[in-house]
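Remarks on the structure that follows.
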Amino acid sequence: MTDTEIEITADLVRDLLREQHPDLAGLAIREVPGGWGNQMWRLGDELAVRMQRMDPTPELQLKERRWLPVLAPRLPLPVPTPVRSGEPSERFPKHWTVMTWVPGEPLDHGSISRGAHAADTLAGFLRALHVEAPADAPIATDRGAHPRNCTGGFENFFQAVALDGIAADVRAVWEDAVAAPAWEGPPVWVHGDLHPANVVVSDGTLSGVVDFGDMFAGDPAWDLAAAWVLLPVGTASRFFDVYAQADEAAIRRARGLAAMKCLFLMLMGHNGDQGLPGGKPHWGPVGRAALDRVLKGV
């Protein structure tokens, strides 16, 4: 049995806790549906265990362990904060981390009914996050670049999904982002992977942000794309007004990146419909709805 074939069960999680953190082993353990690179298990009412699963290296978990305790205190929404480290062992030769639980429902299974409140909340969160990062902050390897350097990824997604009548409009948004001036400010902290499965909602609005494994120092436009990917139709303009730190070039880059992210969601939905590994059928409609918002503009 290879590492990627290890079946992660509640019994395994409890055994690991007994070995490395026995004071937590008596708490209730419940599987959290979803996850790909990592699998989550609820631990009691206030904690979760994040188990490295398909991620080939522990880099993303180690990044969260290093930097989330630094970022969390200044962020206005709950984020998962590491409280214990689980090290590879004979029982499970990968990393795992005990983190605080962020209550709420993932947006890909929920909805936002209080659009203005959610726009204000997201803008406030990103204003707090997007501050100059230290020199030793992580640098992205597969994201964070100007859209002009991401044309290969865009083309792959663009060709892989059916765009029935809107293909030219989507390409125009992307080409405008490619033509936009580059980010000229200092590298700032960026979440890097804001999509509907990585934020949680309650009471009709955003209530938390999770999965910081892709965080990096760079262009904030990668997060500003969330104005279309996450927020209801008609609220992107309010988001940018409240955020108040994005110039025209940043908005153009963000809109193109949002289009690319929507295509990715649609492709994952298609893969789910085909029963392919990692596919998520419910992401297809989510991505298409978000793409419609992108095409409506700010």
Side-chain angles (χ1 to χ4, degrees), residues 35-38 52 54-64 66-68 71 79 107-108 122 125-126 129-161 170 173-199 209-230 243 246 249-268 271 278 280 283 286-287 290-291 294:
W36 175 244
N38 294 276
Q52 184 189 342
M54 298 303 293
D55 283 344
T57 74
E59 176 186 354
L60 303 187
Q61 279 207 32
L62 298 180
K63 188 194 302 186
E64 289 185 324
R66 168 67 179 87
W67 292 108
L68 277 175
L71 295 174
V79 301
L107 179 56
D108 64 327
L122 180 62
F125 177 85
L126 291 181
L129 176 63
H130 291 167
V131 299
E132 185 172 354
D136 58 341
I139 303 298
T141 56
D142 62 342
R143 64 191 73 211
H146 190 285
R148 73 171 68 96
N149 298 320
C150 304
T151 53
F154 173 83
E155 289 296 335
N156 287 340
F157 299 148
F158 185 83
Q159 300 297 333
V161 299
V170 173
V173 169
W174 178 253
E175 291 179 350
D176 183 61
V178 168
W183 170 249
E184 295 182 351
V188 301
W189 280 114
V190 179
H191 178 282
D193 199 22
L194 288 177
H195 62 69
N198 285 343
V199 298
V209 179
V210 299
D211 197 347
F212 283 73
D214 287 311
M215 71 177 126
F216 61 86
D219 181 357
W222 281 79
D223 282 350
L224 301 180
W228 296 276
V229 177
L230 300 181
Y243 180 77
I251 294 174
R252 290 167 62 191
R253 294 193 308 276
R255 190 171 173 225
L257 292 168
M260 183 169 68
K261 289 170 182 279
C262 293
L263 296 178
F264 166 74
L265 293 172
M266 293 168 66
L267 178 57
M268 292 291 284
N271 290 347
K280 299 183 183 296
W283 282 16
V286 169
L291 187 58
V294 171

Problem - Sub-4.5 Å side-chain heavy-atom contact between V229 and L265 - result: yes
Check residues 151-158 and write down every donor-acceptor pair under 3.5 Å in which the side-chain atom is one partner and the other belongs to a residue at least two apart or another chain.
unit_1: E155; atom_1: OE1; unit_2: R171; atom_2: NH2; d: 3.1
unit_1: E155; atom_1: OE2; unit_2: R171; atom_2: NH1; d: 2.7
unit_1: E155; atom_1: OE2; unit_2: R171; atom_2: NH2; d: 3.2
unit_1: N156; atom_1: ND2; unit_2: G152; atom_2: O; d: 3.4

Handout entry: Partners meeting salt bridge (Lys or Arg N to Asp or Glu O under 4.0 Å) with R255 (sequence neighbours left out)
Key =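 Result, salt bridge (Lys or Arg N to Asp or Glu O under 4.0 Å) vs R255: none returned.
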Rounded to the nearest 0.5 Å, what separation is found between the [atom1] atom of [X] and the [atom2] atom of [Y]?
X	Y	atom1	atom2	result
L62	W67	CG	CH2	13.5 Å
L263	W174	CG	CH2	9.5 Å
K63	F216	NZ	CZ	8.5 Å
D219	R143	CG	CZ	13.5 Å
W189	M215	CH2	CE	6.0 Å
D223	L126	CG	CG	5.5 Å

Practice task
Please determine which of V170, V161, V286 meets the side chain to side chain contact (heavy atoms under 4.5 Å, CB included) test together with L291.
Solution key: V170
Mind listing the closest non-hydrogen atom pair of [X] and [Y] along with its distance?
X	Y	answer
W222	A225	O-CB, 4.0 Å
D108	A197	OD1-CA, 3.6 Å
A137	A217	CB-CB, 3.9 Å
L68	F212	CD2-CG, 3.6 Å
L267	A160	CD1-CB, 3.7 Å
G218	W183	O-NE1, 4.0 Å

Handout entry: Chi angles and distances behind the side-chain contact (heavy atoms from CB on, under 4.5 Å) call for L60, D214
Key = CA-CA 7 Å; L60 303 187; D214 287 311; 4.2 Å; yes
Problem - Pair V199-V209, side-chain contact (heavy atoms from CB on, under 4.5 Å): steps then yes or no - result: CA-CA 4 Å; V199 298; V209 179; 4.2 Å; yes
Exercise for the section: Starting from the C-alpha separation in whole Å, work towards a yes-or-no answer on side-chain contact (heavy atoms from CB on, under 4.5 Å) for M268 and F264. Expected result: CA-CA 6 Å; M268 292 291 284; F264 166 74; 3.5 Å; yes
Exercise for the section: Given side-chain contact (heavy atoms from CB on, under 4.5 Å), test V79 with H191 step by step and report yes or no. Expected result: CA-CA 11 Å; V79 301; H191 178 282; over 6 Å; no
Exercise for the section: Please check if the side chain of H146 supplies one atom and the backbone of R253 the other of a donor-acceptor pair under 3.5 Å. Expected result: no
